[in-house]
Engineer: 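Sharing a structure here in structure tokens format.
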Amino acid sequence: MAKAITPRHVDYAEWYNDLVIRGGLADYSAVRGCMIIKPLGYALWENMRAVLDRMFKETGHVNAYFPLFIPKSFLSREAQHVEGFAKECAVVTHHRLKLADDGSGVVVDPEAKLEEELIVRPTSETIIWHTYRDWIQSYRDLPLLINQWANVVRWELRTRPFLRTAEFLWQEGHTAHATRQEAIAEAERMLDVYARFAEEYMAMPVVRGIKTPSERFAGAEETYCIEALMQDGKALQAGTSHFLGQNFAKAFDVTFLDQNNQRQYVWATSWGVSTRLIGALVMTHSDDDGLVLPPRLAPLQVVIITIPTVEEPQMTVALQIADALRQLGISVEIDTDDTKRAGFKFAEYELRGVPVRIAIGKRDVEHGTVEIARRDTKEKVTISSESAPDYVRALLEEIQRSLLDRAKRFVAANTHYVDTFEDFERILEERGGFVMAHWDGTAQTEALIKERTKATIRCIPLNAEPEEGRCIVTGKPSHRRVLFARAY
RNA sequence: CGGGGUGUAGCGCAGCCCGGUUAGCGCACCUGCUUUGGGAGCAGGGGGUCGUGUGUUCGAAUCACACCACCCCGACCA
């Protein structure tokens with residue numbers, strides 16, 4: 001495979017596409033805006049899903065599955081919700097094809113028109129709350145803590161692999177609570193789960209915050225989010241958790257009797273992360289040589305390459321080390337393909353982001369050593385083969401830590417505090433990144449800034465220190481800075 | 001949905017302007033030999049409805065018209 005990744009400094013968007021395609025994460029498909037997730041990309045998703053699923057269960061949630069199709073009428077029950085999603089819905093109108101009269105293929109059978117059209121879910125609040133009406137009668141039925149792993153379809157005008165596809169995989173949690181406070185606590189708890197996942201597993205630092213009203217989820221009272229900063233200085237919303245108030249309970253008439261025999265509407269949350277996280281992972285760590293995957297999510301953590309491949313002594317050492325690594329719970333493969341040379345394999349595994357590579361050649365066998373290379377820094381060391389397993393175990397932890405540290409330093413170095421609109425514009429043009437600035441709290445000012453700079457308020461950070469200041473546009477008083485950035 | 005671009009072998013491209021043998025090149029692929037510690041060398045070989053349709057012409061990858069698809073940029077959105 002020829003080296004053909006566009007360097008980041010030449011064209012970041014092209015670099016990203018090259019990496020996704022050439023790195024083996026995904027392919028374009030026959031359907032516009034829909035991608036084929038290839039084994040490496042899917043393995044990454046499986047690893048993410050496994051960790052998140054465990055975290056959801058540890059916080060008391062259970063999985064269920066609701067239908068792909070939603071009756072059209074459901075969408076219109078919650079006014080804001082339908083407004084938010086109506087423009088990007090795939091609609092099923094018929095249920096049968098037939099052979100064309102002129103023999104040119106198949107056509108939709110006009111006789112098979114559906115009584116009520118079905119919407120391919122863009123998200124499942126409506127069908128789930130329609131169901132919750134039957135499931136919830138009493139305070140004893142609450143809280144109801146359900147998650148589903150599913151695909152959804154949003155007919156986006158502009159798509160990008162993983163970051164925005166017409167169909168994507170995600171999880172959506174939908175919970176029902178007896179009180180406002182409990183629902184808010186749930187939304188915050190799940191935001192915390194997402195933030196911990198991002199930092200501890202993806203090695204991706206995030207800012208936790210709440211969205212402004214104009215950036216809120218359609219139908220939510222409050223939208224919590226985690227925002228990450230990509231290498232090109234653009235922000236990426238990596239996960240959202242919504243406090244839905246009683247909006248869906250009222251729209252679908254979901255009530256319960258409390259301890260005092262009072263009929264009350266249920267309080268709701270929903271929260272989700274998607275395959276977009278794979279895009280976030282790529283744009284946080286990878287480099288011009290290919291993917292860089294954090295050890296805790298990498299489908300393959302260690303690859304062993306013997307040089308030459310077929311020589312017995314090298315293979316003996318390789319098998320011993322592989323066995324020892326597996327005992328330590330580390331995933332490892334020995335590349336036994338003797339039709340490719342070592343140099344080719346080195347480049348190939350670097351492209352695919354395998355965190356650690358062990359090379360064993362004749363020289364090594366003679367000296368009782370192996371060469372260990374780490375993907376993130378490309379540093380190599382030669383150490384005794386007996387100490388290799390322990391060294392690799394420590395190295396994987398070190399890489400995981402180092403990736404997070406490096407990403408944190410990047411965010412710190414690219415978070416700017418500005419107090420004038422001139423500085424605000426200049427920073428966005430010259431550097432990009434997160435920009436912390438004072439804002440007067442109005443939607444008008446927010447829209448004006450967006451129109452003039454393409455930057456949006458990514459969030460009002462939860463950990464923001466109170467600070468008196470003046471809005472960079474109107475000069476009106478402000479009590480804290482908010483996080484601006486141009487975003488994906 | 002606006003702007004731009006591209007459709008020729010699995011991938012990347014040339015050929016098109018100025019129509020004319022059997023449509024080329026690189027990578028990849030197959031066979032053989034030599035190689036093997038950073039994307040091997042040599043030799044031989046296989047693979048094509050030139051995006052689709054209609055038209056012009058003795059003749060179309062090449063000219064005209066229409067259509068389709070995809071990519072990039074923007075507006076909208078996870």
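Here is the naming used below: chain letters follow the sequence lines, and residue numbers restart at 1 for every chain.
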Engineer: Taking distance alone, no hydrogens or angles, what donor-acceptor pairs closer than 3.5 Å link side-chain atoms of residues 309-318 of chain A to residues at least two apart or in another chain?
Structural biologist:
{"from": "A:T309", "atom 1": "OG1", "to": "A:K345", "atom 2": "NZ", "distance (Å)": "3.3"}
{"from": "A:Q314", "atom 1": "NE2", "to": "A:I307", "atom 2": "O", "distance (Å)": "2.8"}
{"from": "A:T316", "atom 1": "OG1", "to": "A:E312", "atom 2": "O", "distance (Å)": "2.9"}

Engineer: How long is the line joining CZ of A:R352 and C1' of B:rG39, in whole Å?
Structural biologist: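 Going from CZ in A:R352 over to C1' in B:rG39 covers 15 Å.
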Engineer: Does a side-chain N-to-carboxylate-O contact under 4.0 Å join A:R375 and A:D287?
Structural biologist: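 Yes.
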Engineer: Pairs under 3.5 angstrom, nitrogen or oxygen only, protein versus nucleotides 11-13 of chain B, please.
Structural biologist:
none

Engineer: Could you spell out the base pairing of RNA chain B as a dot-bracket line? Use Watson-Crick and G-U wobble contacts where both distances are under 3.5 Å, [ ] for crossing pairs, | for partners on a different strand.
Structural biologist: ((((((((.[[[[.)....(...]]]].((((((.....)))))).....[[[[[..)....]]]]])))))))....
Engineer: Without decimals, in angstroms, what is the distance between A:E348 CD and B:rG38 C1'?
Structural biologist: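 It works out to 13 Å between those atoms.
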Engineer: How close or far is atom C1' of B:rG41 from atom CZ of A:F344, stated in whole angstroms?
Structural biologist: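 Between C1' of B:rG41 and CZ of A:F344: 16 Å.
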Engineer: Looking only at atom C1', what distance separates B:rG74 and B:rU56, rounded to whole Å?
Structural biologist: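 That atom pair is separated by 39 Å.
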Engineer: Is there side-chain contact between A:L25 and A:K38, with heavy atoms separated by less than 4.5 Å?
Structural biologist: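 No. Closest side-chain heavy atoms not under 4.5 Å.
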Engineer: Which part of the nucleic acid does A:F168 contact within heavy-atom distance under 4.0 Å: base, sugar-phosphate only, or nothing?
Structural biologist: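 Answer is base: heavy atoms of A:F168 come under 4.0 Å of a base.
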Engineer: Could you list all the salt bridge (Lys or Arg N to Asp or Glu O under 4.0 Å) pairs where at least one residue sits in residues 67-85 of chain A, not counting sequence neighbours?
Structural biologist: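 Found A:K72-A:E117.
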Engineer: Mind checking the C1' distance from B:rG7 to B:rG15? Whole angstroms is fine.
Structural biologist: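 Straight-line distance between the two C1' atoms is 15 Å.
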Engineer: Please enumerate all residues that pass side-chain contact (heavy atoms from CB on, under 4.5 Å) together with A:E379, with sequence neighbours excluded.
Structural biologist: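 Partners of A:E379 by the side-chain contact (heavy atoms from CB on, under 4.5 Å) criterion, ordered by chain and then number, come out as A:R374, A:T377.
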Engineer: Quickly work out the A:K378 NZ to B:rG39 P distance and round it to whole Å.
Structural biologist: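 After rounding, the gap between these two atoms is 12 Å.
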Engineer: Do any pairs count as a salt bridge (Lys or Arg N to Asp or Glu O under 4.0 Å) and have a residue in residues 159-168 of chain A, sequence neighbours left out, and if so which ones?
Structural biologist: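 Sorted result for residues 159-168 of chain A: empty, none.
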Engineer: Can you check the A:I21 CD1 to B:rG10 C1' distance for me, whole Å?
Structural biologist: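 Rounded to the whole Å, the gap is 14 Å.
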Engineer: Give a yes or no on whether a salt bridge exists between A:R189 and A:E186, defined as a side-chain N under 4.0 angstrom from a carboxylate O.
Structural biologist: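 Answer for the salt bridge query: yes.
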Engineer: Touch check for A:A13, heavy atoms < 4.0 angstrom, all strands: base, sugar-phosphate only, or nothing?
Structural biologist: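 Answer is sugar-phosphate: A:A13 comes under 4.0 Å of backbone atoms only.
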Engineer: Taking the same atom, C1', in B:rA40 and in B:rU35, what whole-Å distance lies between them?
Structural biologist: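 Straight-line distance between the two C1' atoms is 7 Å.
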Engineer: Taking the same atom, C1', in B:rC11 and in B:rG48, what whole-Å distance lies between them?
Structural biologist: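 So the two C1' atoms sit 15 Å from each other.
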Engineer: To the nearest 0.5 Å, what is the distance between CG (A:N247) and CH2 (A:W129)?
Structural biologist: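 Between atom CG of A:N247 and atom CH2 of A:W129 there are 10.5 Å.
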Engineer: Strictly under 3.5 Å: I want the nitrogen or oxygen pairs between protein and nucleotides 35-37 of chain B, one per line.
Structural biologist:
{"from": "B:rU35", "atom 1": "O2", "to": "A:R341", "atom 2": "NH1", "distance (Å)": "3.2"}
{"from": "B:rU36", "atom 1": "O4'", "to": "A:R341", "atom 2": "NH1", "distance (Å)": "3.4"}
{"from": "B:rG37", "atom 1": "OP1", "to": "A:R341", "atom 2": "NH2", "distance (Å)": "2.8"}
{"from": "B:rG37", "atom 1": "O6", "to": "A:G361", "atom 2": "N", "distance (Å)": "3.2"}
{"from": "B:rG37", "atom 1": "O6", "to": "A:G361", "atom 2": "O", "distance (Å)": "3.1"}
{"from": "B:rG37", "atom 1": "O6", "to": "A:K362", "atom 2": "N", "distance (Å)": "3.0"}
{"from": "B:rG37", "atom 1": "O6", "to": "A:R363", "atom 2": "N", "distance (Å)": "2.9"}
{"from": "B:rG37", "atom 1": "O6", "to": "A:D364", "atom 2": "N", "distance (Å)": "3.1"}
{"from": "B:rG37", "atom 1": "O6", "to": "A:D364", "atom 2": "OD2", "distance (Å)": "3.1"}
{"from": "B:rG37", "atom 1": "N1", "to": "A:G361", "atom 2": "N", "distance (Å)": "3.4"}
{"from": "B:rG37", "atom 1": "N1", "to": "A:D364", "atom 2": "OD2", "distance (Å)": "2.3"}
{"from": "B:rG37", "atom 1": "N2", "to": "A:D364", "atom 2": "OD2", "distance (Å)": "3.2"}

Engineer: Do the ring centers of A:F56 and A:W271 come within less than 6.0 Å of each other?
Structural biologist: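 When the ring centroids of A:F56 and A:W271 are compared, they turn out to be within the sub-6.0 Å range.
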Engineer: Which whole number of Å gives the distance between the P atom of B:rU34 and that of B:rA9?
Structural biologist: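 The same atom, P, in both gives a distance of 36 Å.
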Engineer: To the nearest 0.5 Å, what is the distance between CE (A:M283) and CG (A:L229)?
Structural biologist: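 It comes to 10.0 Å.
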Engineer: Are any of the side-chain nitrogens in A:K211 or A:E227 under 4.0 Å away from the carboxylate oxygens of its partner?
Structural biologist: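 Looking at A:E227 together with A:K211, the answer is yes, because their closest N to O distance falls below 4.0 Å.
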Engineer: Salt-bridge test for A:K378 and A:D289: reply yes if a basic N is under 4.0 Å from a carboxylate O, no otherwise.
Structural biologist: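 A:D289 and A:K378: salt-bridged.
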Engineer: Using a cut-off of 4.0 Å on non-hydrogen atoms, how would the nucleic acid contact of A:T240 be classed: base, sugar-phosphate, or nothing?
Structural biologist: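 Since no nucleic acid heavy atom lies under 4.0 Å of A:T240, the category is nothing.
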Engineer: Could you check A:T159 against A:Y488 and say which one's nearest nucleotide on RNA chain B is further toward the 5' end?
Structural biologist: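 The answer here is A:T159.
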Engineer: On RNA chain B, compare the nucleotides closest to A:S274 and A:P161; which residue's is nearer the 5' end?
Structural biologist: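 Taking each residue's closest nucleotide, the earlier one in sequence belongs to A:P161.
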Engineer: Indicate yes or no: does A:E350 engage A:R357 in a salt bridge with an N to O separation below 4.0 Å.
Structural biologist: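 Result for this pair is yes, salt bridge flagged.
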Engineer: Tell me what A:I305 touches on the nucleic acid: a base, only sugar-phosphate, or nothing, going by heavy atoms under 4.0 Å.
Structural biologist: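 No contact.
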Engineer: Which of the following nucleotides, B:rC71, B:rG39, B:rG38, is nearest to the side chain of A:N17?
Structural biologist: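 From the listed options, B:rC71 comes nearest.
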Engineer: Are A:F74 and A:F69 an aromatic pair by the rule of ring centers under 6.0 Å?
Structural biologist: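 Judged by ring-centre distance (under 6.0 Å), A:F74 and A:F69 do not meet the cut-off.
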Engineer: Who pairs with A:V354 by side-chain contact (heavy atoms from CB on, under 4.5 Å), at least two apart in sequence or on another chain?
Structural biologist: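 Residues passing side-chain contact (heavy atoms from CB on, under 4.5 Å) with A:V354: A:L300, A:V303, A:Y349.
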Engineer: Once you round it to whole Å, what is the distance between C1' of B:rC76 and CZ of A:R160?
Structural biologist: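 Taking CZ of A:R160 and C1' of B:rC76, I get 15 Å after rounding.
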Engineer: Which residues pass the side-chain contact (heavy atoms from CB on, under 4.5 Å) test with A:E386, sequence neighbours left out?
Structural biologist: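 Expected list: A:S384.
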Engineer: Determine the interatomic distance between P on B:rA28 and the same-named atom on B:rC17; round to the nearest Å.
Structural biologist: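 These two P atoms come out 33 Å apart once rounded.
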Engineer: Which whole number of Å gives the distance between the P atom of B:rC30 and that of B:rG46?
Structural biologist: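 Between the two P atoms, the distance is 15 Å.
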Engineer: With a 4.0 Å cut-off, would you call A:D192 and A:R208 a salt bridge?
Structural biologist: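 Looking at A:R208 together with A:D192, the answer is yes, because their closest N to O distance falls below 4.0 Å.
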Engineer: Pull out every residue in residues 146-156 of chain A that has a heavy atom closer than 4.0 Å to any atom of RNA chain B, ordered by number, or say none.
Structural biologist: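 Contacting residues: A:R154, A:E156.
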Engineer: Using a cut-off of 4.0 Å on non-hydrogen atoms, how would the nucleic acid contact of A:R357 be classed: base, sugar-phosphate, or nothing?
Structural biologist: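 Counting heavy atoms under 4.0 Å across all strands, the contact made by A:R357 includes a base.
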Engineer: Of all residues at least two apart in sequence or in a different chain, which pass the side-chain contact (heavy atoms from CB on, under 4.5 Å) check with A:H94?
Structural biologist: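 Result, side-chain contact (heavy atoms from CB on, under 4.5 Å) vs A:H94: A:V108, A:K113.
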Engineer: With rounding to the closest Å, how many angstrom separate the P atoms on B:rA64 and B:rG26?
Structural biologist: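 Straight-line distance between the two P atoms is 31 Å.
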Engineer: Would you mind reading off the distance between A:Y12 atom OH and B:rC72 atom P, rounded to a whole angstrom?
Structural biologist: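 Roughly 15 Å, once rounded to whole Å.
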Engineer: Just how far, in rounded Å, is C1' of B:rC71 from CD of A:E14?
Structural biologist: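 A:E14 atom CD is separated from B:rC71 atom C1' by 8 Å.
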Engineer: Near RNA chain B, which residues from residues 450-463 of chain A have a heavy atom under 4.0 Å away?
Structural biologist: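 Of all residues in residues 450-463 of chain A, the ones placing a heavy atom under 4.0 Å from RNA chain B are A:K450, A:K454.
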